Amino acid sequence: MPELPEVETVRRGLAPFMEGAAFTRVELRRANLRFPFPERFAERLVGRRIEALDRRAKYLMARLDDGATLAMHLGMTGRFTIELAGGAANIPGDFVYQTGRNAIHDHVLFALDNGVSVRFNDARRFGYMTLIDGMLERHPLFEGIGVEPLSNELTPEYLAKRAAGKIAPLKSFLLDQRVIAGLGNIYVSEALFRAGLRPTRPAAVLATKSRAPTAACERLVAAILVVLEEAILAGGSSLRDFAGVNGAPGYFQHTFGVYGRTGEPCLQCGVAIERIVQSGRSSFFCPRCQR
DNA sequence: AAGCGAACCTGGCTGC
DNA sequence: TGCAGCCAGGTTCGCT
């Protein structure tokens with residue numbers, strides 16, 4: 001589910017309900033997700049007010065009034081839903097409220113002093129939450145993390161410098177969160193399609209011998225921006241289980257150029273889209289448009 | 001030392 | 001209907 005646009009969509013959905021509110025009760029239904037919860041996690045949260053709900057890379061960052069930050073990662077299947085005091089409701093980000101047998105995957109419940117409760121459900125438990133004191137940049141999760149793709153730090157010059165001399169394929173180079181923070185398997189495929197670059201090309205094609213950006217690098221940076229901005233505008237992408245409250249499948253999936261379209265015609269040239277496996281993950285590309 | 005495959009965990013879909 | 005096999009948005013670890 002969650003690459004940068006999905007996490008940003010969740011953030012925008014949750015922020016109006018969480019910012020300015022304080023935790024009145026925190027319930028952990030198990031001792032760990034991907035990692036154990038930190039010591040006294042629930043006790044430390046209760047009474048704290050959320051000053052802002054931000055995003056860094058694929059993390060939701062709740063800035064607390066005691067200076068600490070609650071960092072939350074959705075993993076593969078993590079999702080937040082909210083309920084208002086008077087009954088079930090859904091956040092503007094349009095996520096399905098889980099009921100029935102999925103309830104066994106409700107792992108964290110936050111009750112807030114504005115009457116809102118927030119539920120974290122994560123079937124595969126690749127998600128996690130932690131509390132960070134002090135400088136974020138020095139926390140193991142965030143030191144060495146790459147640039148925000150939607151900030152002005154992502155420039156052709158930056159990307160060329162990072163790519164220079166690298167033999168690794170563009171696919172894995174772009175998935176590396178130490179280079180760019182927030183891209184995932186879907187948007188890497190989409191960005192490479194837009195840039196006309198085959199995922200198997202070595203990352204070094206982005207740089208000249210003097211480590212300056214090539215034309216391909218310029219195209220790629222532009223493509224990354226367009227793909228992410230479009231996805232955020234559309235309310236996050238949507239794979240099967242990213243459906244909206246009204247049961248409608250998500251909005252952005254129609255506009256995928258290559259992701260999940262094996263054998264279907266390229267929207268630009270009609271040639272069949274191909275799927276290959278790189279580093280154990282699927283890559284999709286048009287064999288004619290991407291060289 | 002970069003780069004790859006495996007591992008973490010569960011559910012959904014396909015095909016026999 | 002049952003069951004085996006394969007696939008999935010992410011990240012980290014350990015072996016070349």
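Naming convention: chains lettered A, B, ... in sequence-line order (proteins, then strands); numbering from 1 in each chain. Small disclaimer: the values here were computed from a predicted structure and weren't measured.
Considering only side-chain N and O atoms, T77(A) lies nowhere under 4.0 angstrom from the phosphate OP1 or OP2 of dT10(B). The side chain of S172(A) contributes no N or O atom lying less than 4.0 Å from OP1 or OP2 of dG3(B). An OP1 or OP2 oxygen of dT11(C) is reached within less than 4.0 angstrom by a side-chain nitrogen or oxygen of K58(A). Taking side-chain N and O atoms only, H73(A) has no distance below 4.0 Å to OP1 or OP2 of dG10(C).
As judged by a 4.0 angstrom heavy-atom cut-off over every strand, I167(A) is placed among residues touching the sugar-phosphate backbone only.
Separating the NZ atom of K171(A) from the P atom of dA2(B) is a distance of 21 Å, rounded to the nearest angstrom. Atom pair L4(A):CG and dG10(C):P shows a separation of 11 Å (rounding to whole Å applied). The separation between F284(A) atom CZ and dC7(C) atom P is 10 Å, rounded to whole Å. Here the C1' atom of nucleotide dA8(C) and the CD atom of E6(A) are 14 Å apart, to the nearest Å. Atoms NE2 (H105(A)) and P (dC8(B)) sit 18 Å apart, rounded to a whole Å. Between the P atom of dT11(C) and the CG atom of L33(A) lies a distance of 15 Å, rounded to the nearest Å. Between the CZ atom of R275(A) and the P atom of dC7(C) there is a distance of 5 Å, rounded to whole Å. Atom CZ in R281(A) sits about 8 Å away from atom P in dA8(C), given to the nearest Å.
Which of dT10(B), dG3(B), dT11(C) sits closest to the side chain of R34(A) comes down to dT11(C). You'll find that the side chain of A168(A) is closest to dG3(B), out of dT10(B), dG3(B), dC7(C). Residue L141(A) has its side chain nearest to dT12(C) when only dC7(C), dT12(C), dG3(B) are considered.
Separating the P atom of dG11(B) from that of dT12(C) is a span of 24 Å, rounded to the nearest Å. For the P atom pair drawn from dA6(B) and dC6(C), the interatomic distance equals 13 Å after rounding to whole Å. Look at the P atom in both dC7(C) and dG5(B): the space between them is 14 Å, to the nearest Å.
In this entry dC9(B) has no Watson-Crick or G-U wobble partner, no candidate having both defining distances under 3.5 Å.
Remark: E39(A) CD is loosely packed, at most 12 non-hydrogen atoms of other residues, nucleotides or ligands lying under 6.0 Å away.
Interface residues of residues 176-184 of chain A facing DNA chain C, ordered by number: Q177(A), G184(A); criterion, heavy-atom separation under 4.0 Å.
The base of dT10(B) lies outside donor-acceptor range of the side chain of R125(A), with no N or O pair under 3.5 Å.
Of the possible polar contacts, none joining the N114(A) side chain to the A21(A) backbone as a donor-acceptor pair under 3.5 Å is found. Distance alone, capped at 3.5 Å, is enough to place a donor-acceptor pair between the Q177(A) side chain and the L183(A) backbone.
Note on ring orientation: taking the six-membered ring where Trp is involved, the planes of H105(A) and H107(A) are perpendicular (angle over 60°, cut-offs 30° and 60°). A tilted orientation is assigned to the rings of F142(A) and H139(A), their planes being inclined by 30° to 60°. Ring orientation note: the planes of F284(A) and Y259(A) are nearly perpendicular, at an angle over 60° on the 30°/60° scale.
R63(A) places a side-chain heavy atom less than 4.5 Å from the side chain of T69(A).
Residue-nucleotide stacking is present for F126(A) and dC8(B), judged by a side-chain ring centre under 5.5 Å from the six-membered base ring centre and planes under 30° apart.
Ranked by how close their nearest DNA chain C nucleotide is to the 5' end, F35(A) and N185(A) are led by N185(A).
Judged by distance alone, the side chains of R124(A) and T77(A) never bring a donor and an acceptor atom under 3.5 Å apart.
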